[in-house]
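The block underneath contains the structure these notes are about, expressed in structure tokens.
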Amino acid sequence: MNGNEKIRKATTHISQNEVLIFERSSAGKKAYMLPPLDVPDVDPAKLLGELAREDLGHMPEVSEIEIIRHYTRLSTWNYAVDHGMYPLGSCTMKYNARVNETVARLPGLAEAHPYQPERISQGALLIMKLLSEQLLEITGMDAITLQPAAGAHGELTGILMVRACLESRGNPRKKILIPDSAHGTNPATAAMVGYSVENLKSNAAGMVDIPSLEAQVNEDVAALMLTNPNTLGVFEREIHKIAEILHRKGALLYMDGANMNALVGKVRPGDFGADVMHLNLHKTFSTPHGGGGPGSGPVACKKILDPFLPAPVIVTKADGTLGFEYNRPQSIGRVRMFYGNFGMHVRALAYIMANGPDGLRQTTEDAVLNANYVRKGLEDAYELPYKTPTMHEVVFSDRRQTAKGIKTGDIAKRLIDYGFHPYTVSFPLVVPGALMIEPTESESKASLDLFIEAMKDIAEEVEQNPEIILEAPHNTRISRLDETTAARKPILRWKPQS
Ligand SMILES: *Cc1c(COP(=O)(O)O)cnc(C)c1O
């Protein structure tokens, strides 16, 4: 089979006719049949007075099959991790086991009200306490808050704590150091907390350049925000030394823990010198994400930062029951109403307990193995700018393909034709034209092989037939969007044709 035959095979479930017509309403069609009236036939105006509506506005009038096809079709216009491989680097689009959903939806948990008194919330409190203990064990930290609702929110919380801690020592300091491979939320966080951002150069291996760090750390530096493994998928081997350089000058080490999928069960940030970090439960700990749904970004820290954690914290009271402690005079205050996205806490705990220590370690090893398998499979077809060992994700560049006028974004669009979600395009910024691929542990060897084959076929097409790539995707309902308008002026709801 050549590339296009393979593609056609993958997409035959989408009928082009069905795809072209969106509006299906026409007057008089109904999707329901009501039973005969068995109560008196009263004029609605008599019952409802002025609230009665004569005209229902422009409600669509469709038959049942049209409704069913409409929603089923819409569900196929989107790509999901339930559909196929989702190699979006830095996002850890792993599979979220259905049992976690089942547990989170148990009525006693899903319907618990956040204003329920502590006395009848002991089960929910226990879940949060157990999750806290597990996450502390995994990270090697001393104290934790589950409040933040995302990774970026966790960063804000952590850096506010750093600021409060330094302030309590007499000087909040001025700067935060951030490596050039960092996620964009890191500098945004530093700026929001009132710090200026100083860029830290990477060395040829894609790691923090130690001599530059030594030269840059002084009494003005509040902290270094470091992602480890960093966004190149490279483990910062000198991490102990980095921590020591900072601590010697009274600065703190913030660890962006979004990449913990490469470390869980193997290495603990608390042991390698991090003072405070966030976790993304919606990456590493199996909470579904990608559709803008609720996330969770717990922040764990060492003892020195414990007093500054957001209030309330969970405590065991004198009578042995669990409760919230609000009296925390040095706390940075609440960062979110109530106690965080509780449903995410339930899912994360279910995931951790179902896997156990050995299962979590295996998960990490499989995620790293899969990324290295993809690296090996593609290193002849794409340029690998950093040869340092790969952890959970691998970053190629489009350098060879740009010679033919094809950029990373074009390759990503062509990948859609092959039935895959694109990898992360043009990030991290240290790699010009980056292709950032994170397969996660969820993929079988067979699906990794299909992905590698698709990427190699595309590299071949770049040589033979670059036009087909420049016009891709060919098999989606709409092809290339005006991405600026799509982001700035999105049309998010159906409006009736008048
Ligand atoms: C995803 C990510 C973040 C931000 O997390 P959100 O939950 O999207 O706010 C921060 N840093 C890195 C390295 C990430 O991959």
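Both backbone and side-chain heavy atoms feed into the values below; hydrogens, waters and symmetry mates do not.
By the 4.5 Å heavy-atom criterion applied to side chains, M225 and P187 are not counted as neighbours. Contact annotation: the side chain of L309 approaches that of C301 to within less than 4.5 Å [non-hydrogen atoms, C-beta and beyond]. With contacts defined as side-chain heavy-atom distances shorter than 4.5 Å, the pair V368/T390 does not qualify. Looking at heavy atoms from C-beta onward, S181 lies out of side-chain contact with T227 at the 4.5 angstrom threshold. At least one side-chain heavy atom of L135 sits less than 4.5 Å from a side-chain heavy atom of I352. Contact annotation: the side chain of Y195 approaches that of I159 to within less than 4.5 Å [non-hydrogen atoms, C-beta and beyond]. For the pair D275/I304, a side-chain contact is recorded, criterion being any heavy-atom separation below 4.5 Å from C-beta on. Side-chain atoms of N259 and M391, non-hydrogen and from C-beta on, never get closer than 4.5 Å to each other.
Side-chain atoms of E244 never come within 3.5 Å of backbone atoms of I239 as a donor-acceptor pair (strictly under, hydrogens ignored). Proximity of a side-chain donor or acceptor of K302 to a complementary backbone N or O of V276 within less than 3.5 Å is not detected. At distances below 3.5 Å, at least one donor-acceptor pair connects side-chain atoms of S442 with backbone N or O atoms of Y95. For the pair N230 (side chain) and G206 (backbone), a donor-acceptor distance under 3.5 Å is present. Remark: side-chain polar atoms of Q330 are not paired, donor with acceptor, to backbone N or O of C165 under 3.5 angstrom.
A donor atom on one side chain and an acceptor atom on the other are found under 3.5 Å apart for E438 and T92. Looking only at atom types and distance, the side chain of N171 has no donor-acceptor partner in the side chain of E167 under 3.5 Å away. Using modelled atom types and a 3.5 Å distance limit, the side chains of N261 and K94 yield a donor-acceptor pair.
By the side-chain hydrogen bond (donor to acceptor under 3.5 Å, both in side chains) test, H421 pairs with Y86, sequence neighbours left out. Shown here are the side-chain hydrogen bond (donor to acceptor under 3.5 Å, both in side chains) partners of T485, two or more places apart in sequence or in another chain: D482. Scored by the salt bridge (charged side-chain N to carboxylate O under 4.0 Å, His left out) test, E483 finds K413 as partners (sequence neighbours excluded). Every residue two or more places apart in sequence or in another chain that forms a side-chain hydrogen bond (donor to acceptor under 3.5 Å, both in side chains) with S286 is listed here: N96, N100. Looking at residues two or more places apart in sequence or on another chain, you find a salt bridge (charged side-chain N to carboxylate O under 4.0 Å, His left out) between R105 and E101. Listed by chain and residue number, Y351, L360, T363 satisfy the side chain to side chain contact (heavy atoms under 4.5 Å, CB included) test with N355 (two or more places apart in sequence, or in another chain). A search for side-chain hydrogen bond (donor to acceptor under 3.5 Å, both in side chains) contacts involving R53 returns nothing, not counting sequence neighbours. In this structure K303 satisfies the salt bridge (charged side-chain N to carboxylate O under 4.0 Å, His left out) test with no other residue, sequence neighbours excluded.
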Stepwise side chain to side chain contact (heavy atoms under 4.5 Å, CB included) check, Y79 with T476: CA-CA 11 Å; Y79 194 92; T476 49; over 6 Å; no

Verdict with supporting geometry, E238 and M207, side chain to side chain contact (heavy atoms under 4.5 Å, CB included): CA-CA 8 Å; E238 304 273 16; M207 291 186 255; 5.6 Å; no

Assess the residue pair E365 and L369 against the criterion (side chain to side chain contact (heavy atoms under 4.5 Å, CB included)); give the C-alpha distance rounded to whole Å, side-chain angles, the decisive distance to 0.1 Å, and a yes or no. CA-CA 6 Å; E365 288 170 0; L369 180 65; over 6 Å; no

Begin with the C-alpha distance, continue with both residues' side-chain angles, and end with the deciding distance and a verdict on side chain to side chain donor-acceptor pair (under 3.5 Å) for E155 and N186. CA-CA 7 Å; E155 291 173 31; N186 293 183; 3.1 Å; yes

E198 and K175: CA distance, side-chain angles, deciding distance, salt bridge (charged side-chain N to carboxylate O under 4.0 Å, His left out) verdict: CA-CA 7 Å; E198 198 168 293; K175 291 191 288 201; 2.9 Å; yes

List the steps and the verdict of side chain to side chain contact (heavy atoms under 4.5 Å, CB included) for H113 and Q116. CA-CA 5 Å; H113 195 283; Q116 255 170 228; 4.2 Å; yes

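Between I178 atom CD1 and I176 atom CD1 the span is 6.5 Å, to the nearest 0.5 Å.
Within a 6.0 Å radius of CD1 in I491, other residues, nucleotides and ligands contribute 12 heavy atoms or fewer.
A salt bridge is defined here as a Lys NZ or Arg NE, NH1 or NH2 lying under 4.0 Å from an Asp or Glu carboxylate O, and K30 with E61 fails to meet this definition.
Applying the ring pair (Phe, Tyr, Trp, His ring centres under 6.0 Å) test to every pair with at least one member in residues 126-172, sequence neighbours left out, gives no pairs at all. Residue pairs that meet the side-chain hydrogen bond (donor to acceptor under 3.5 Å, both in side chains) test with at least one member in residues 310-329, sequence neighbours left out, are E118-K317, D306-R328, D319-T321.
Across every non-hydrogen atom of M59 and S25, the tightest pair is O-OG, 4.4 Å. The two residues V162 and A222 make their nearest non-hydrogen contact at CG1-O, 4.1 Å. Here the closest heavy-atom approach between residue L481 and residue A486 is recorded as CD1-CB, 4.4 Å. The shortest non-hydrogen separation linking E393 to G89 is OE1-C, 3.7 Å.
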Can you give me every donor-acceptor pair (side chain of residues 127-134, partner residue at least two apart or in another chain, under 3.5 Å) with its distance?
residue	atom	partner	partner atom	Å
K129	NZ	E133	OE2	2.9
S132	OG	M128	O	2.7

Could you tabulate the donor-acceptor pairs under 3.5 Å formed by side-chain atoms of residues 335-344, not counting sequence neighbours?
residue	atom	partner	partner atom	Å
R336	NH2	N341	OD1	3.1
N341	ND2	G295	O	2.7

